Amino acid sequence: MFVEAAGGVLVCGSLACVVAAVVGRRSWLVAVLFALALACAAADAFGADSWLHAVACGFGFAGAVTMVLQRLGKPLRLSWIDFVMGGCAVGALSATTGAELGATLGASGVAAALGLARWRVSTALALALIGLIALGELPVLAVLPVAVAMWLKEPPATPSPVFNPIVLAALLAYAAAAMVLLVVGQFVSLPADAATLATITMLAGMARAGLTVVDRLKHSHYQAVTDDLTGLGNRRQLLDALREAIAVEGQHVALLLIDLDGFKELNDTLGHHAGDEVLRQIGPRLEEALHPEDTLARLGGDEFAVVLAPGDEASASAAGLRLRSSLERSFSVGGIRVHIDASIGIALFPEHSQDALGLLQRADVAMYEAKRTRTGHEVYLPERDTHSRRRLELLGELRDALANDELILHYQPKADIATGEVHGVEALVRWAHPRRGLLMPSDFLPLADHSGLGRSLTAFVLDRALVEIGQRRSEGFDLSVAVNLSPADLLDLGLPSDVARTLERHAFPASCLRLEVSEDAVMADPERSLEVLRGLRAIGVATALDDFGSGHVSLGHLKHLGVDEIKIDRSFVLRLAEDERDAAIVHTTVDLGRRLGMKVVAEGVETVEAWDALAVLHCDEAQGFFLGRPMTATALAGWMRDRAAAA
C-alpha cells in the first residue's frame, strides 16, 4: 500500500513539473528532466527494474546542471574544473562508505552543480538540489522540493566575484578528502571506483591550480598595460607598440599626441567625477575615428596618443582631422552639454627621432605649438625645440611670478571715433621677468591656461586694474577699464560673485568695468558661458566679444550672448583702407552690431587712413598704435594730461 502511495505521489510530482513548463513557470528542458527523474523513481517504486533508481538520479542531476547553465550563462573554464572536482571527490567518499549507486549519483550531482554555479545558489536551485539528494535516498521526499523549485521564479543572476572564499574552501576540502583517501588506500583496500575518483580529483585540482596561475599572470599583464578609467592601453602599451613598429625594417611610423583643450578648467569647475565621465566617453569617440590596426592609448590626465604603423605626414594629418572631428559633438555630463576640442602634435619616424621616447618628446613639442597657434594639429619642426625648453622653464616660474609681484599691467587707450575723446582703456598684462626682460602675453598666457593658472591670473589683473585705474579716476580722469577673461573664467559660475566682491572692495563702479571674452572661449561651452555672462550683466558689468570674426561664434550664438560690445579683429582692420574685402567685412560687422544694439570697437588701428575709413563706416570706438601704444598706469596719466592740453 505504501509503495503504491509513494509511486502515486511521484507521478503527481512529475505531472506538476510538466504543468510548470506549460504555464511558463520553468523552461521546458529543466521541467522535462525533473519530470523524467520523478517518473523513473515512480517506476522503480512500482517494482520496475532497480537500475531506474540510478537513472532517476541521473535525470535529476542533468536538470540541476541545466538550471545553473540557464540562469548563469556560459560558465568560466575554471568552473568546469570545480564541477569535476566536486563530483569526483564526493563520489569517492560515497563509494568508500559503500553507498548505493543512486545515493552516490545524487550526492555527487549536488557537489558538481554547486561547483559549476560557483556556490551562488538561488532558492529554486537549493530546493532542486535538496530534491536531488532525496532522489538518492528516499525518492518520495523529493516531490515537494522539486515541484516547488519548478514553480519558483528566479531573480536575475548577479556578476560573479573575482574571488569567492566559499569556492576556495570547497576546493581545499575536496583536495584534502581525495588526498586522505589515497593515503589511506596505501594501508587498506579501497574500492577501485573510489580510488579512481580520488585520483581524478587530485589531477583536476592540479590542473586548476596551473590555470589559476596562468589567468592571474594574464590579468596582471592586462592591468600593467591598460588604463583603468578608459580601458584603453596606457603609456607602457603605447611605448611597446611604438618600439615594435620602429623595429620593422623600412617601415615609417607616425605618432600623434592628443591634448584636450580646456579639460583642466572643466575638472576644476564641475569636479573630477565629471572629468572622468568625459574621458570615458572620449575613448570610444577616438577609436571610431581610427583604423583597426592603429594603436590608441591614454597617457594620463587629458593626454591620449595614437601610433600609425605604417604612417607618414599625410596619413597622420588626415588622422588628426578625423580625431578632432570626432570630438565636435558635445558630451553630456550630469545634464550639462560640454564641448571639448583637442590640440594634436605629430612626430614621424625616422625623420624626427630614432627611438620611442624621442618621438614622444617631439610630438609634445608639436602639440604645444598646435595649442599655442590654435591650428588644431602641427607636425614637429626642429627649430621649435628651443621654444619648448624655454616654455618648460617659464611654466615652472610663472606661479612664483604671481606670488612675487613680477606681473605688471599696461593700458591701451580706446577713443570715440566721432569725437576723439578717450574714456576707456584695455588692461594688458606683462611679465617683468628678472632674467628675460619684459615678456609679452603670447609668451606666457597659453602656459597659464594650460597649467590651470588662468583663473589666478585673471583675478590678479582684475584686482590690479581696479586699483590703478581707480587712482586715475580719483585724479579726475573719467576712465573705464576692460579686462580679458580666460577660458577657465567662463566655466566658473562663481565668477560674477567674485567680480562683485572685488568691485566692492575697491569701491569701483561696476558700470566702468568691461570684461572681454574670446570667441573660442565662449564656444568651449556655450550654455555655461551664457549663464556666466548673464550673471556679469546682472551685477552691472558690461561684456565684450573680443577678436570678433577670428573664431567660431555663429550669428545665432551672437544673438543669444547678449554682449554689450563686439571688437572687430585686427586682421580685418590692418588693411582696411587698401582691401575692399576687409572693408566690406568691417562695414557689415559695424552694421550688424548697430542693429543688435551693441557698441562696435575696431582693434589694430595703426594709420590715419584706417581711422578715417572707420569714421565713414560709423564705427563707435577704436584702439591701436595710431591712438597710443600700451603704457603703464603712471604713463597713462601723463599721456591723458598731454592730450587734454593739446586739445
Side-chain angles (χ1 to χ4, degrees), residues 218-261 263 278-328 340-371 375-382 384-385 388 450:
K218 287 182 178 178
H219 182 67
S220 297
H221 176 71
Y222 175 81
Q223 287 187 316
V225 299
T226 304
D227 175 60
D228 292 336
L229 181 63
T230 63
L232 300 173
N234 59 14
R235 179 182 290 268
R236 178 179 295 180
Q237 186 191 49
L238 177 90
L239 289 174
D240 289 344
L242 199 52
R243 292 185 180 108
E244 290 176 7
I246 290 172
V248 178
E249 186 174 354
Q251 178 170 253
H252 289 256
V253 180
L255 173 66
L256 287 77
L257 186 62
I258 308 162
D259 187 88
L260 304 180
D261 296 334
F263 183 78
V278 169
L279 291 174
R280 278 189 286 266
Q281 296 179 49
I282 281 177
R285 292 264 195 102
L286 297 179
E287 284 184 314
E288 290 174 2
L290 298 172
H291 299 129
E293 63 272 15
D294 300 334
T295 300
L296 172 65
R298 179 187 175 216
L299 301 185
D302 60 345
E303 283 192 339
F304 296 79
V306 176
V307 176
L308 305 183
D312 54 17
E313 183 173 339
S315 62
S317 297
L321 291 173
R322 295 197 306 272
L323 290 167
R324 295 188 68 233
S325 177
S326 70
L327 301 178
E328 287 181 352
I340 296 290
D341 202 354
S343 298
I344 301 175
I346 299 172
L348 305 173
F349 170 85
E351 294 93 327
H352 300 149
S353 179
Q354 302 294 314
D355 60 82
L357 291 177
L359 280 175
L360 201 58
Q361 188 270 331
R362 305 297 193 273
D364 182 68
V365 173
M367 180 274 294
Y368 180 76
E369 189 65 18
K371 189 175 291 288
T375 53
H377 71 269
E378 288 286 337
V379 179
Y380 170 78
L381 292 175
R384 291 173 181 159
D385 249 355
S388 176
H450 187 56

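Fair warning: this is a prediction, and the values are worked out from it, not measured in the lab.
- Side-chain N/O atoms of D261 and S343 include a donor and acceptor closer than 3.5 Å.
- Contact of the L299 side chain with the L257 side chain is registered, since non-hydrogen atoms from C-beta on lie closer than 4.5 Å.
- Between I344 and A370 the shortest heavy-atom distance is O-CB, 3.6 Å.
- A heavy-atom distance below 4.5 Å is found between the side chains of L290 and L323.
- L232 contributes atom CG, which lies 12.5 Å from atom CZ of R280 (distance to the nearest 0.5 angstrom).
- In this structure, the side chains of E369 and V365 stay at 4.5 Å or more apart for every pair of heavy atoms.
- Remark: the backbone N or O of P350 is paired with a side-chain donor or acceptor of Q354 at under 3.5 angstrom.
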Name every donor-acceptor pair, under 3.5 Å, that has one atom in a side chain of residues 241-255 and the other anywhere in the protein, sequence neighbours excluded.
unit_1	atom_1	unit_2	atom_2	d
Q251	NE2	A245	O	2.9

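- Across every non-hydrogen atom of N234 and A297, the tightest pair is O-CB, 3.7 Å.
- Side-chain contact between F304 and L238 is absent, with no heavy-atom pair separated by less than 4.5 Å.
- For residues 312-325, the salt bridge (charged side-chain N to carboxylate O under 4.0 Å, His left out) pairs, not counting sequence neighbours, are R324-D341.
- Residues in residues 284-295 take part in no salt bridge (charged side-chain N to carboxylate O under 4.0 Å, His left out) pair, two or more places apart or across chains.
- For the pair L260/L327, a side-chain contact is recorded, criterion being any heavy-atom separation below 4.5 Å from C-beta on.
- What you find for L308 and A316 is that their closest heavy atoms are CD1-CA, 3.7 Å.
- Residues passing the side-chain contact (heavy atoms from CB on, under 4.5 Å) test with A347 are H352, L359, R362, A363, sequence neighbours excluded.
- Between L256 and H377 there is no side-chain heavy-atom pair separated by less than 4.5 Å.
- Going from atom CE of M367 over to atom CD of E378 covers 12.0 Å, rounded to the nearest 0.5 Å.
- Between the CG atom of D302 and the CG atom of L279 there is a distance of 7.5 Å, given to the nearest 0.5 Å.
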